[in-house]
Amino acid sequence: MKAVLDKFFILFKLALNKGFFHLLSANLLIQIAGFGGQIFLTRILSVEEIGKIKILQTYLGLALIIASVGINTAVLKLCSQKISEQEKKAIFSTGVKINIFTSFFLVILTVILAHFQLLSGSKEVNNLLKIYLLQIPALTLSGLSVNYLQSQKKVQEISYIQSISKIIIILVSTGIAYTFGFISYIQSLIVTNILTLFLLFPLLKNELKELLVTKINYKITASLLKIGSFAFGANLLGNMLLNFNIILVSILTSNSREVGYYGIANLIITTLMMIPSTLNQIMIPYISEVSGDYEKVKNILKKFRVRSILLISIVSVVSASLVPILLPIVFGEEYSNSVVYFQILLVGMFFWSLYSPKGITLMSVGRTDLNFYTSLLSFVINLILNYVLIKKYGMIGAATANTLTYFCTIFINGYFFKVHFKKIDS
């Protein structure tokens, strides 16, 4: 017991030194804001409206990955390497210009698709998407900027700005939802996300000056798109792996009440996933710096995996004990139906945490192609399981499909991880 406690306190000190808790606090606030501060909204909006928010948020998540076309991941990878400051600024500037074009193009495209009722089986959801997806440009550029700053190891500065931003979004949007209702709440998200983007500007003063005078470098563009293409595919499939069941349910059924219950459970799970995800984020620049040294990469991964497994074990045991008791108290007795979804998804989260550090390692050493193949195979399994189980069991089937897919992905990810490192060994 003493040995376990000693390891825990060593982990705590290391996390403190690396900025883990700064980044974790920001990530938790992002997650809460991302689903509209629903801890508060469940007391203001109906279960059906909460279900609609989850559907809208799912479409937005996919749209942001498409708008980024993997450029954010490529910038994080390239700017983490030991290159000159001028090269880093040129990479960031090129990435911003690409994402300005892709994000505005996607807004126009999605508005057209929603106008012709092609995004959802619900006319109301299509009409709401025309407004909700106007957030795409601000959130895409914000994500790119954060990744760039993370590559420069400005963890504490990012965390501070993100925390302030998300507190503003939660307070303003929840206040507007209470005062003016559901539609005004959605409109407030667009305005607050645009305004809070400007809070990042003081950290990017030099880069923004470079942006105004630098022309697009076609060599850098090719490099960003080469790395970003596989990252884009892997991120898109990874997001669909997590959320495709919501889109499928919105097409196959109109039961937004059960989506609301599932959405609350999924909110808690994705918030808990921020803990190992934060550790993974911190790992990226350290592995990218030594990506050419196999032994150093292996040693860093081993240390982070031990910490990740210890963290997720503690989180899983504590949340499995407390969430079923606290969920109805925090969100309201009506949301007791969310507990069964949470319990199924918690098992899936544990499976996910076992392979995610290996996926981050492959990305950090430039093998985004292997992550793409992993995500592709996992998505095919998920698609089949979701279609079969949703038709038979509804949202319970959706939760079960995701958990089973994460279990299968442990072995798929392990195979491709071995493929890369066996090649290096030989």
Side-chain angles (χ1 to χ4, degrees), residues 3-21 23-24 27 73 76-77 80 150-151 153 155 231 234-235 238 241-242 269-320 346-368 370-375 378 403 405-425:
V4 173
L5 286 172
D6 288 342
K7 282 185 179 179
F8 177 78
F9 285 119
I10 290 169
L11 173 63
F12 184 86
K13 288 178 183 177
L14 283 168
L16 202 61
N17 291 335
K18 299 290 186 184
F20 173 80
F21 292 108
L23 192 55
L24 176 60
N27 282 340
T73 303
L76 175 57
K77 162 65 180 165
S80 293
Q150 186 186 329
S151 74
K153 299 181 183 177
V155 175
N235 291 340
L241 188 65
L242 187 63
I269 290 296
T270 48
T271 301
L272 293 175
M273 286 172 84
M274 288 295 107
I275 298 172
S277 290
T278 300
L279 199 61
N280 289 343
Q281 280 180 269
I282 291 172
M283 183 173 71
I284 294 169
Y286 291 94
I287 290 184
S288 291
E289 277 185 352
V290 297
S291 58
D293 191 323
Y294 170 51
E295 287 302 321
K296 285 184 179 178
V297 169
K298 200 162 64 169
N299 288 335
I300 292 171
L301 173 61
K302 185 178 178 181
K303 289 175 184 176
F304 273 92
R305 281 200 76 197
V306 170
R307 297 168 194 172
S308 180
I309 290 170
L310 178 59
L311 272 174
I312 200 63
S313 299
I314 294 168
V315 168
S316 297
V317 171
V318 172
S319 59
L346 182 63
V347 178
M349 183 189 76
F350 185 81
F351 291 150
W352 167 83
S353 70
L354 296 179
Y355 69 81
S356 62
K358 287 184 178 179
I360 291 294
T361 300
L362 288 173
M363 188 274 283
S364 300
V365 299
R367 293 308 306 267
T368 51
L370 297 182
N371 280 340
F372 171 74
Y373 300 139
T374 299
S375 297
S378 298
T403 294
T405 303
Y406 284 135
F407 178 73
C408 294
T409 308
I410 294 172
F411 304 100
I412 298 169
N413 170 266
Y415 169 75
F416 284 113
F417 188 82
K418 285 179 182 177
V419 165
H420 172 68
F421 285 102
K422 270 187 179 178
K423 189 176 179 181
I424 292 175
D425 283 334

**Asked** What distance do Lys302 atom NZ and Ile300 atom CD1 have between them, rounded to the nearest 0.5 Å?
**Response** 13.5 Å

**Asked** Just by distance, with hydrogens left out, do Ser378 and Thr405 show a side-chain donor and acceptor under 3.5 Å apart?
**Response** no

**Message:** Aromatic contact between Phe351 and Tyr355, with the criterion being ring centroids under 6.0 Å apart: yes or no?
**Reply:** no

**Message:** Checking Ser356 now: which residues fulfil side chain to side chain donor-acceptor pair (under 3.5 Å) with it, not counting sequence neighbours?
**Reply:** Asn280

**Request:** Determine the minimum heavy-atom distance between Met349 and Ile269, stating which atoms define it.
**Result:** SD-O, 3.9 Å

**Message:** Please enumerate all residues that pass side chain to side chain contact (heavy atoms under 4.5 Å, CB included) together with Ser80, with sequence neighbours excluded.
**Reply:** Leu76, Ser151, Pro285, Ser288

**Complete:** Residues Pro357 and Leu301: closest non-hydrogen pair is O-CD1, 3.7 Å

**Request:** List in chain and number order the residues that pass ring-ring contact (aromatic ring centres under 6.0 Å, His included) with Phe350, two or more places apart in sequence or in another chain; answer none if no residue qualifies.
**Result:** none

**Asked** How long is the span from the OH atom in Tyr373 to the CG atom in Leu362, to the nearest 0.5 Å?
**Response** 12.5 Å

**Item:** Atom pair CZ/CD1 of Arg305 and Ile360 - distance to nearest 0.5 Å
**Value:** 13.0 Å

**Request:** Measure the CD1-CH2 distance between Ile312 and Trp352 for me, rounded to the nearest 0.5 Å.
**Result:** 7.0 Å

**Complete:** Contacts of Ser353 meeting side chain to side chain donor-acceptor pair (under 3.5 Å) (sequence neighbours excluded), chain-then-number -> none

**Prompt:** When you measure from the side chain of Arg367 to the backbone N and O of Phe416, does any donor-acceptor pair fall under 3.5 Å?
**Reply:** no

**Asked** Is the side chain of Asn413 donor-acceptor paired with the backbone N or O of Thr409 at a distance under 3.5 Å, no angle test?
**Response** no

**Prompt:** With sequence neighbours excluded, what pairs up with Thr361 under the side chain to side chain donor-acceptor pair (under 3.5 Å) test?
**Reply:** none

**Message:** Measuring from atom CE of Met273 to atom CG of Leu346, what distance do you get when rounded to the nearest 0.5 angstrom?
**Reply:** 11.0 Å

**Message:** Rounded to the nearest 0.5 Å, what separates atom CZ in Phe372 from atom CG in Asn235?
**Reply:** 11.5 Å

**Item:** Whether Ser308 side chain and Phe304 backbone form a donor-acceptor pair below 3.5 Å
**Value:** no

**Prompt:** Are the side chain of Ser319 and the backbone N or O of Ser316 linked by a donor-acceptor pair below 3.5 Å?
**Reply:** yes

**Message:** Under the rule for side chain to side chain donor-acceptor pair (under 3.5 Å), what residues qualify as partners of Asn371, not counting sequence neighbours?
**Reply:** none

